[in-house]
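See structure below.
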Amino acid sequence: MIETTIRNHAAQAINVLYSANVAPEHVIIQKTRKDFEGDFTINIFPFLKISREKPDVTAEKIGNYLLEQVPELENFNIIKGFLNIVVGDSFWTGFLSEKYRDKMFGKQEKSSGRPVVIEFSSPNTNKPLHLGHIRNNLIGWSVAEILKANGNVVMKVNLVNDRGIHICKSMLAWEKWFRDTSPDSANTKGDKLVGECYVRFDQELKKEVAVLIEGGMSKDDAEKSAPLMAEAQEMLQKWEDNDTSVRELWSTMNAWVYQGFDLTYDRLGIAFDKVYYESDTYLLGKQIVQEGLKMGVLFQEEDGSIWADMTGDGLDKKILQRADGTSVYMTQDIGTAQLRYDEYQPQKLLYVVGNEQNYHFDVLKLILDKLGRKWAEDIVHVSYGMVELPHGKMKSREGTVVDADELMDDMYQTAESMAVELGKADDLNKDEASQLFEMISLGALKYFILRVDPKKNMLFNPEESIDFNGHTGPFIQYTHARIQSLLKKAGSRELKPGDGIFTGDVHAKEKEIIKLLYSYPEVIKEAASQYSPSAVAAFVYDLAREYNQFYQEISILREEDPAKAVFRLSLSYFTASVINSAMELLGIHVPEKM
RNA sequence: GGUCGCGUAGCUCAAUUGGAUAGAGCAGCAGCCUUCUAAGCUGCCGGUUGUGGGUUCGACUCCCGCCGCGAUCACCA
């Protein structure tokens, strides 16, 4: 890494010139901004206290020292305390010819270290996947792929919330109003059918509640004492008591849901190494709670409920076990965390969960820490922001939920009509065409979501379909297809990328692209440390945009100097390969033509 | 009310984590296809970074106050 070399020598320069003791990591080096000449820039200001000189004087001295010590450097200039360093063309062309064929470029060797376990998706079985889940799934998948590229062993896991009062509501609704209806008979996806049951329950419950309120009952009491609610509670009790018929219905309906989920996951390109079911794990944690009670870390109320008191840490009290001995979410999470730790001895436990649960994870980590689990500090909540609609959050009651399947369908339609309009589908058969539309529409959707910093809330407007032009997935896919077409055409003229080191003049645009390619490994490292696909998304867009400018401005196949043509083909080949690689990290495929 | 987060161009997002003249796309306007894919390229327009102070060589970034928005503070998950 040439930056490291420059950084080290710059630190050395200061130490030698001013007999100081500056560590290399204190040298601020960055890519030179486009409007200035140079490749890397060192900020001189931090060293003025040491040198006690004017910025330009110190910069000059360091610049000269670097030129002497680092043979790859060609020149430097100084502007207002910034030392801009020019790396010689031969360094860049050498890099290109050495790496352009390397399909693994940018990725680290797989380490043999302990794995990273990443949980994401975590759906409920009472409603279909929606846009919020899509963001979760895409972030989870991409972060996992980025970590793999960074050399980590990664386990993708899902924890399905398949039990609880909400499932009983759906089951009850099915028994009452959907008997004899199955996904097959209704010709619908299983998750959609169960979702319908859930909605129906809610509607019927509201009616009952309204009647009770009219009879003079308070809203709270009405909701508690509505007959439907009591029935649901009763069913939950039966479920916990292993009642055969309840369990049977539960299995059947969950199976429907999973069939539906699988279709959605497949289409999204999401898969897991392991799926946990809450029905298997919900009792875990109770034992640890007992342990905590003995340790004196937790305390018990007179009614028998068990609590964690974190008022000393600036947080509140938190219940871990109800008076009747049943466990709550927090207890389950303590249990599953322990389970995962025992199973994998992971170096990190990642949870891709919305930022509405920030507090929950603070509490989880603190309790585990109090319970003496040193690995609590290895728990990372990859917290992502909400997807908002123009009028606020998605609300199922108001019917503003953006359904995952419908969204993908809509995107497909848009991709198709746009392709037809542009005449892109003319020489494709039906299969090829539909594959292409699917690839492009998913590329648009995924890129739209992943280009935003996960931590931030983002806005989705269902009225305006997601763009296919400009800063979008299809733009990047198009660039890849364009290059493939170019390479094909070159092949038919017996031209192809070559290994020889190009020694002619390098055009500014060409150099710009090479520099971007050169930074790819660093981009992956950064994205991995920040758990941020958006860093990769920004990079690959820059690369595509830069390439398109180059493509427009400079002829490749029409170039008369064969050495130049070959050089540009190598550059193109490498660009396509890195575009493909980076897009795969986002879970997006790129076409050969479009 | 307590805690946490957010506020950047008309709109959607960036800004290498304290560095140079705050950048892209969309929308709007004006151009570029008999020549490697026009889902592309070029140019123009667009900003007191919510607001008032502070810290310093230097602030969108850090600190304090205010305004606005959101999340959370469940014996839901």
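Computed over heavy atoms, backbone and side chain alike; hydrogens, waters and symmetry mates excluded.
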Contact under 4.0 Å: [X] side-chain N or O vs [N] OP1/OP2:
X         : N      : value
Tyr551(A) : U37(B) : yes
Lys80(A)  : U21(B) : yes
Arg322(A) : C76(B) : yes
Arg33(A)  : A20(B) : yes
Lys456(A) : A14(B) : yes
Asn457(A) : A71(B) : no

**Request:** By nearest nucleotide on RNA chain B, pick out whichever of Pro474(A) and Gly314(A) is the more 5' one.
**Result:**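 Looking at the nearest nucleotide for each, Gly314(A) comes out on the 5' side.
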**Prompt:** Where each residue is assigned the nucleotide of RNA chain B containing its nearest heavy atom, which of Lys49(A) and Glu592(A) is assigned the position nearer the 5′ end?
**Reply:**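 The 5'-side residue here is Glu592(A).
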Taking [M] as the reference, what is the distance to [N] when you measure between their [atom1] atoms (whole Å, please)?
N      : M      : atom1 : value
G7(B)  : C66(B) : C1'   : 14 Å
G5(B)  : A9(B)  : C1'   : 24 Å
G47(B) : C60(B) : C1'   : 12 Å
A15(B) : A39(B) : C1'   : 27 Å
G10(B) : A71(B) : C1'   : 28 Å
G28(B) : G68(B) : P     : 35 Å
G70(B) : G31(B) : P     : 45 Å
U61(B) : G23(B) : C1'   : 16 Å

**Message:** Using a strict threshold of under 4.0 Å (side-chain N to carboxylate O), is an ion pair present between Glu553(A) and Lys509(A)?
**Reply:**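 Result for this pair is no, no salt bridge flagged.
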**Check ion pair Asp39(A)-Lys31(A) (N to O, under 4.0 angstrom)** =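 Between Lys31(A) and Asp39(A) there is no salt bridge, as every charged N stays at least 4.0 Å from the carboxylate O atoms.
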Does a distance-only test, which skips hydrogens and angles, find a donor-acceptor pair under 3.5 Å between the side chain of [X] and the base of [N]?
X         : N      : value
Asn43(A)  : G19(B) : yes
Thr41(A)  : A20(B) : yes
Asn548(A) : A39(B) : no
Lys424(A) : U37(B) : yes

Could you tell me whether [X] contacts a base, only the sugar-phosphate backbone, or nothing, with contacts defined as non-hydrogen atoms closer than 4.0 Å?
X         : value
Ile440(A) : base
Met386(A) : nothing
Gln549(A) : sugar-phosphate
Asn84(A)  : base
Ile78(A)  : nothing
Asp453(A) : sugar-phosphate
Ala481(A) : base
Asn126(A) : nothing
Tyr329(A) : base
Leu459(A) : sugar-phosphate
Pro46(A)  : base
Glu464(A) : nothing

Under a 3.5 Å cutoff, is there a donor and acceptor pairing between the side chains of [X] and [Y]?
X         : Y         : result
Asp362(A) : His381(A) : no
Ser279(A) : Asp162(A) : yes
Asn136(A) : Tyr384(A) : yes
Tyr573(A) : Gln484(A) : no

Which whole-number value in Å describes the distance from [X] [atom1] to [N] [atom2]?
X         : N      : atom1 : atom2 : result
Arg545(A) : C26(B) : CZ    : P     : 11 Å
Glu388(A) : A71(B) : CD    : C1'   : 10 Å
His360(A) : C4(B)  : NE2   : C1'   : 16 Å
Tyr384(A) : G70(B) : OH    : P     : 20 Å
Gln357(A) : G5(B)  : CD    : C1'   : 16 Å
Glu356(A) : C6(B)  : CD    : C1'   : 16 Å
Phe448(A) : C26(B) : CZ    : C1'   : 11 Å
Glu559(A) : C36(B) : CD    : P     : 16 Å

**Message:** For Phe460(A), does the six-membered ring have the charged nitrogen or CZ of Arg135(A) within the cation-pi criterion, i.e. under 6.0 angstrom from the centroid and within 45° of the normal?
**Reply:**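 Judged by the rule (NZ or CZ under 6.0 Å from the ring centre, within 45° of its axis), Arg135(A) is not positioned above Phe460(A).
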**Item:** Cation-pi geometry met for Arg163(A) and Tyr282(A) (6.0 Å, 45°)
**Value:**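 Yes, cation above the ring, under 6.0 Å and within 45°.
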**Message:** Using ring centroids (six-membered ring only for Trp), state whether His507(A) and Phe550(A) fall under 6.0 Å.
**Reply:**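 Ring centres of His507(A) and Phe550(A) not closer than 6.0 Å.
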**Request:** Determine, using ring centers only, whether Phe47(A) and His26(A) are less than 6.0 Å apart.
**Result:**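 Here the rings of Phe47(A) and His26(A) have centres that are no less than 6.0 Å from each other.
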**Prompt:** When rounded to the nearest 0.5 angstrom, what is the spacing between CZ in Phe361(A) and OG in Ser383(A)?
**Reply:**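 If I round to the nearest 0.5 Å, the distance is 9.0 Å.
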**Message:** Checking one value: the base orientation of C33(B), syn if chi is within 90 degrees of 0, otherwise anti.
**Reply:**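 C33(B): syn glycosidic orientation.
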**Message:** Quick check on U55(B): syn or anti? Syn means the glycosidic torsion is within 90 degrees of zero.
**Reply:**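 Classified anti.
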**Prompt:** If you check the Phe468(A) side chain, which of C75(B), C36(B), A39(B) turns out closest?
**Reply:**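 Side chain of Phe468(A) sits closest to A39(B).
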**Prompt:** Counting side-chain heavy atoms from CB outward, which of G40(B), A71(B), A20(B) is closest to Phe82(A)?
**Reply:**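 The answer is A20(B).
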**Asked** How is the base pairing of RNA chain B summarised as a dot-bracket string, given the Watson-Crick and G-U wobble criteria with both distances under 3.5 Å, [ ] for crossing and | for another strand?
**Response** (((((((..((((.....[...)))).(((((.......))))).....(((((..]....))))))))))))....
